[in-house]
Amino acid sequence: MKKEKLTAVILTLALLFSGIGSMSADAAKKVAISKKNLTLTVGKSATLKVKNLSKKKKKKLKWSSSKKSVAKVSKKGKVTAKKKGKAKITAKVGKKKYVCKVKVVEKKNKGQKDSKKVSPTAPPKTPAQLAAEDRANLKKLAETLQAGGANIILTNLDSNDYDWNAAGRLTRINIGDDEGSDFGIKGVINTSCFTELEELHVEGNRGITGLNISGNTKLKKLDCSDTGISKLDVSKNPALERLYCERSKIKTLDVSALGKRGEVIIYVSQGVQVTGTNANTKISYMKG
């Protein structure tokens, strides 16, 4: 009899502590709204919920919107976006409130892209526009050289110093003199804007200290001998076939971009270190 009473007490205590544990676990679960922030496109919808509510409290749950014209909410927490703007969706149970901030954005049209990320593509220029640009840029170059004290006249854009192809694009510039004359051209000469240029002569001008030919990808012949150039970058000129840079201040020359389309002949002063040569590269070391 005593054993039966003891067993009954143990079972009762076990059930009691089991219930307390269950109640503690339920109490530990935090009541919260499913989303505190929500972004919707106009016309779209999403359903919000309040998590961990008892069945009794769920029946007392009430939903409301601070701006029904922007976003409305149903009795079951379904939020529908109406127009662009911001609103607060509130779930209320007794004195407790749970809020979700809703942002409504406009619907994008088909094919529409984000203007912040994609810049509009400019239409391609016509041959006439490109030809006009070459003439304008050559005139600007001439004026820049003259302003720097160059003793040359470059007003006639159709003189023998320039060649133009059938499309009106500039293919040759000759502002050099292989007979030793110095026209007083100084500083860095930039011909990069002439994308159809095939031949460039600046030889004999000791005041020239550099060349920017990065945009002259079709350049086949370059003569910069007898100049004050100390560094020459030909990495963007793979079409070069003849390069004259003897009696300049160049000490090292990287020609790794040349000779891949055929033979290239390079004239440098004795002592110049030429790197990047291949089977098509022919180096001629000149005295003086």
Side-chain angles (χ1 to χ4, degrees), residues 137-138 141-142 144-154 159-163 165 170-288:
N137 287 330
L138 182 57
L141 174 63
T144 301
L145 294 177
Q146 289 170 339
N151 185 27
I152 50 175
I153 299 174
L154 296 173
S159 71
N160 292 331
D161 293 325
Y162 318 106
D163 285 343
N165 62 20
L170 184 64
T171 59
R172 184 178 73 94
I173 296 177
N174 183 7
I175 50 176
D177 192 329
D178 57 6
E179 294 181 359
S181 299
D182 190 330
F183 295 117
I185 300 174
K186 300 174 183 178
V188 177
I189 306 301
N190 187 351
T191 61
S192 189
C193 58
F194 305 112
T195 55
E196 296 294 318
L197 194 66
E198 296 180 359
E199 194 170 330
L200 176 60
H201 294 264
V202 296
E203 67 272 18
N205 293 285
R206 292 289 179 181
I208 295 179
T209 56
L211 283 178
N212 182 353
I213 53 175
S214 58
N216 308 131
T217 57
K218 296 183 180 181
L219 194 64
K220 294 180 180 179
K221 184 177 181 180
L222 171 61
D223 193 340
C224 58
S225 56
D226 296 289
T227 62
I229 294 172
S230 58
K231 291 183 180 180
L232 183 63
D233 183 358
V234 293
S235 61
K236 307 295 184 183
N237 312 103
L240 266 176
E241 298 172 357
R242 296 289 184 275
L243 174 58
Y244 304 85
C245 51
E246 68 274 20
R247 296 181 300 279
S248 64
K249 293 184 178 181
I250 294 173
K251 300 298 181 184
T252 60
L253 182 64
D254 181 6
V255 296
S256 55
L258 310 183
K260 295 178 181 180
R261 300 182 182 181
E263 185 181 73
V264 56
I265 300 176
I266 301 168
Y267 297 85
V268 295
S269 296
Q270 288 182 347
V272 173
Q273 183 182 359
V274 181
T275 61
T277 59
N278 57 45
N280 290 327
T281 310
K282 310 299 180 185
I283 309 295
S284 291
Y285 291 96
M286 312 296 290
K287 293 181 179 180

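Checking each of C245, S225, S284 against V268 for a side-chain contact (heavy atoms from CB on, under 4.5 Å) leaves exactly one that passes, namely C245.
Minimum interatomic distance between D226 and R206 (heavy atoms only, all atoms of both residues): OD1-NH2, 3.2 Å. Residues V272 and Y285 come closest through the heavy atom pair O-CE2, 3.6 Å. Listed here is the closest heavy atom pair of S269 and R247: OG-N, 2.6 Å.
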Decide side-chain hydrogen bond (donor to acceptor under 3.5 Å, both in side chains) for T227 and S248; before the verdict, give the C-alpha distance in whole Å, the side-chain angles of both, and the deciding distance to 0.1 Å. CA-CA 5 Å; T227 62; S248 64; 5.1 Å; no
May I have the step-by-step check of side-chain contact (heavy atoms from CB on, under 4.5 Å) for I189 and L145, ending in yes or no? CA-CA 9 Å; I189 306 301; L145 294 177; 3.5 Å; yes
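A donor-acceptor contact shorter than 3.5 Å is absent between the side chain of N237 and the backbone of A239. A distance-only check finds no donor-acceptor pair linking the side chain of R261 to the backbone of E241 [under 3.5 Å]. In terms of modelled atom types and a separation under 3.5 Å, the side chain of D163 and the main chain of N165 share no donor-acceptor contact. Although no hydrogens or angles enter the test, the distance criterion places no donor-acceptor pair under 3.5 Å between the side chain of N137 and the main chain of C193.
L200 places none of its side-chain heavy atoms less than 4.5 Å from the side chain of F194. For the pair T281/L258, no side-chain contact is recorded, criterion being any heavy-atom separation below 4.5 Å from C-beta on. By the 4.5 Å heavy-atom criterion applied to side chains, K260 and N280 are not counted as neighbours. Looking at D161 and I175, their side chains never come closer than 4.5 Å, going by heavy atoms from C-beta outward. The shortest side-chain heavy-atom distance between L211 and L222 falls under the 4.5 Å cut-off. The shortest distance between side-chain heavy atoms of L243 and Y267 does not fall below 4.5 Å. A 4.5 Å side-chain heavy-atom check between T217 and T195 finds every atom pair outside the cut-off. With a 4.5 Å cut-off on side-chain heavy atoms, K221 and D223 do not count as touching.
Separation of atoms CD1 (I265) and NZ (K282) is listed at 8.5 Å; rounding is to 0.5 Å. Rounding to the nearest 0.5 Å gives a distance of 7.5 Å between OH of Y162 and CD1 of I173. One distance of note links CD of E203 with CD1 of I229; it measures 10.5 Å at 0.5 Å rounding. Note that CD of E196 and NZ of K218 are 3.5 Å apart. Values are rounded to the nearest 0.5 Å. With rounding to the nearest 0.5 angstrom, the OG atom of S192 is 9.0 Å from the CD1 atom of I213. Summarising the geometry, atom NZ belonging to K249 is positioned 9.0 Å from atom OG1 belonging to T209; distances are rounded to the nearest 0.5 Å.
T191 and N216 form a side-chain donor-acceptor contact under 3.5 Å, judged by distance and modelled atom types alone.
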